[in-house]
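Data first, discussion second: the structure below is written as C-alpha cells.
First the proteins, then the strands, lettered A, B, ... as listed; each starts at 1. Note: hydrogens, waters and symmetry copies are ignored here, and every other heavy atom, side chains too, is used.
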Amino acid sequence: MTEVSILSLVKRYGTALAVNDVTLKVNHGEFVSLLGPSGCGKSTTLKCIAGFETVSDGRILFDGHDISNREPEDRDIGMVFQSYALFPHMTVAGNLAFGLEMRRVARDEINRRVADVMELVQLSQYAGRYPRELSGGQQQRVALARALVIEPAILLLDEPLANLDAKLRDEMRTFIRDLQKRVGITTLYVTHDQGEAMTMSDRVVVMFDGRIAQAAAPEDVYDRPASEAVARFVGNANILTGTVEAGADGAPGLRFGSEGTLLRLPAALPAGTAPGRGLRVMARPEQVRLTAPGAGDATGTVVSHYFNGGFIDYRVRVGADEIMVHAPTADRFADGAAVGLAFDAGRLWPLEGAA
Amino acid sequence: MSGLFRRHFLILPAAALLFLFVMLPYVNVLVMSLRAPSDSTPYGEGFSAGGYVKLFSDPYYFEALGQTLWLGVLTAFVCFLLGLPIALHISQASRRWRGLLYGIVLSPLLVGIVVRSYGWTILLGNTGVINATLRNLGLIERPLPLMYNSFGIVVALAHVFLPFMVLPVLGALQGLDPAVGSAARSLGASRFTVFRRITLPLAMPGIQSGAILVFVLAVSSYVTPALVGGMRVKTMTVMVVDALIDQFQWPFGSALALSLAVSAGVIVLVFARLTRMKWK
C-alpha cells in the first residue's frame, strides 16, 4: 500500500492552465474519486500521476519519494483506461502476463499469478480468447486484472465504466469497489459521473477549472457542499435565496420567496451571518416534503411531475422560484394543484458567500 | 439464389472485368505456352511442353527466374526498412504536417516511369552524378558499380514502390488506440519494448499487405529493370519481352511469363501463410 501526495501540482498547455495548484493526499488503501465536468483537469491530474503528462510545477510523491520526473514504466502504477486499451494481438492470458514479463518474473510464477487474477475477476475460462472475442464487460475485467496482477503501488482508473451500458455499469461499480477493498490498494478514480463517485469512494474530490472545489467524504460533499457550484454538480439542488431574520423564538430564520415565508435555519451558520444579511441555503429535492396547502413552511403550485419508478419528481412554483421535490409515490399531486412545502430544517445547508 | 445475388451484385462489374481482361488472357497465355514452337511463325501447329523444358533445363533462364524473385523480396524488404519509420512518423504527426508528408511520400508516383528510370541512370551511371562527384573529390579512382546490377535495380524500384509500403502500414498504425501504448508503458515497458512488443506486431497487417504489393509490383516491373539493369542483369520481364517481340517465340515467352506469375503467386501465398495473424 502506498500513500500518494500531490503537492501544488500545475499543468500548463501554452498559457492555458489545465491543472491549477492542486494539492491532495491519498492515504494508504484509500479510494479517492476525482469528479468534475469534462475539461476540469481531473484526467490531466491522473495523467500527471501516471507519467503520461509532464508536470509544469509542483511535485508528486509516492510514500514520500518524488516520482514527478520518472518515466511511466518506472512508477509502479496499474492503470485502467476508458477504452480498456487491451493488446489486441495477445490473448487474455497474454495481456495479463505482459506486466509480469516486463518485471522479469519467472515463467511458472507468471502462470500462477495470471491464473489467480483470472479467478479474481472470474475470467478463467477465457484465458485463450483474444480481446475482440470478449464483451465490453469482460474486456473491462481483463483491463482491471491486467492492472492488478502486477501488484502496483497504486491503481489509477480513467473513466473505466464510461463505455458500458447502464446495467453493467452498476454491476461493475460494486465489483470494482469490492475488489479494491479486498486487495486494499490505494486507488484514484476519475469520473464525471457523480453517482459512481458517491457509491465507490472513501473520499470525493470535486474539481472545477483545474482546481479542487471540495475534497471530502461522499456524505459531506452531498449534504455539506463547499459552494453552490459543488451543490449543483453533485446531485440536484434547490438554492433558496433570502434574508436572515430572527424568528419569534429568537432562532435565526430565512425569509425567502415573494410570499415572505420564514424558514427555520440550522443552528450552525457561516461566519458573518447576521439578521438583515442575504443568505443562500441549499435543500436537496428529497429533503423537501409535499403537504396539504398551508401546512408546510411555504405554499406553491405544482408545475410538472415525472414518474420515476420508485419516486415522483415534482417541480413546484413558489413565488419566482421553482423548487424540485423528490417525493415518494404515495404523495400524489396533479399539475396545477396548490401544495404546501415542508423543509427539513436540520438538513438545510447554508452556502458560503453573500447572496 | 436471389439472396445470394442481392448480397454480391455490387462486385459483378469488377468480377466481369477481371474475368474478361485477366482470367481469359491468362487462359490464352496458358494455351499459348503449350503451343509448338516454329521458326517462321510466332507458333507452330500442335502442342508441346518444350517451352517449360527449356526454361527449367537451361540455367540461364532458371537463374533469371530466381534472380527476379530475389530482387522482388529484396525490394519489399528495403521498402519495409525505409517505410516503417516514415509511417510511424506520419502517424504521429499533426494534421497540418500530415498532408504535406503524404504528398512527399506519393511524389515518386507523379513522375513517369521512363523519365524516372532515366533519372536513375543519370545518377547511378559510371560517369553519372554520384560517381563523378566521388571521383572529383578524390574518394574513388574507379567508378563504383551502382548500375547494371541488382543494387541499382533495387534502389530504383524501392524508390517508386515505397508508397505502396507506407500507405498500408500507416493505415494499420492509424487504426490503433493510442492508449494501448500507454497501457504497455504503465505495465513497465520502455519505449523500445512498446515498439517491439506492441506497435510492430499491430502494424503487421499493414506490413503484410505492403510487402505483398511491393513484391508483386517489383517482380512484374519491366521498364526500370530494363533501363537500370541494362544487358547485364536480365529479369524475367525483360526476357519475356525479348522472347515475344525480338525472337518472336510466343510459346516460350508465354511459358516464361506464366512461370513468373505462378512462382510469384506461390511466394505470396507462403508469405501470407507465415505471417498469418490469429488475432485479426
Using a heavy-atom distance cut-off of less than 4.5 Å, which residues of residues 151-179 of chain B contact chain A?
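From residues 151-179 of chain B, the residues near chain A are B/D177, B/A179.
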
Heavy atom to heavy atom, less than 4.5 Å: which residues from residues 199-221 of chain B reach chain A?
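Residues of residues 199-221 of chain B touching chain A at under 4.5 Å: B/P201, B/L202.
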
If you count heavy atoms of other groups shown closer than 6.0 angstrom to [atom1] of [X], is the number above 12?
X      : atom1 : result
B/F77  : CZ    : no
B/M277 : CE    : yes
A/Y13  : OH    : yes

Between CZ on residue A/F52 and OG on residue B/S186, distance to nearest 0.5 Å:
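Result: 5.0 Å between the selected atoms.
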
Testing the basics here: between A/E73 and B/S190, what is the closest heavy-atom pair and its distance to 0.1 Å?
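Scanning both residues completely, I find the closest heavy atoms to be OE2-CA, 3.4 Å.
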
Which members of residues 84-121 of chain A, sorted by number, sit under 4.5 angstrom from chain B on a heavy-atom basis?
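Expected list: A/A85, A/L86, A/F87, A/P88, A/H89, A/M90, A/F98, A/G99, A/E101, A/M102, A/R103.
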
Taking non-hydrogen atoms and a cut-off under 4.5 angstrom, which of residues 23-41 of chain A neighbour chain B?
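Within residues 23-41 of chain A, near chain B: nothing under 4.5 Å.
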
Contacting region of A/R129 [heavy-atom separation from chain B under 4.5 Å]
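For A/R129, neither part sits under 4.5 Å from chain B.
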
For A/I77, which atoms come within 4.5 Å of any heavy atom of chain B: side chain, backbone, both, or neither?
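Contact with chain B: backbone and side chain both.
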
Any donor-acceptor N/O pair, A/R132 side chain to B/W279 backbone, under 3.5 Å
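The answer is yes, because a donor-acceptor pair under 3.5 Å joins these two groups.
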
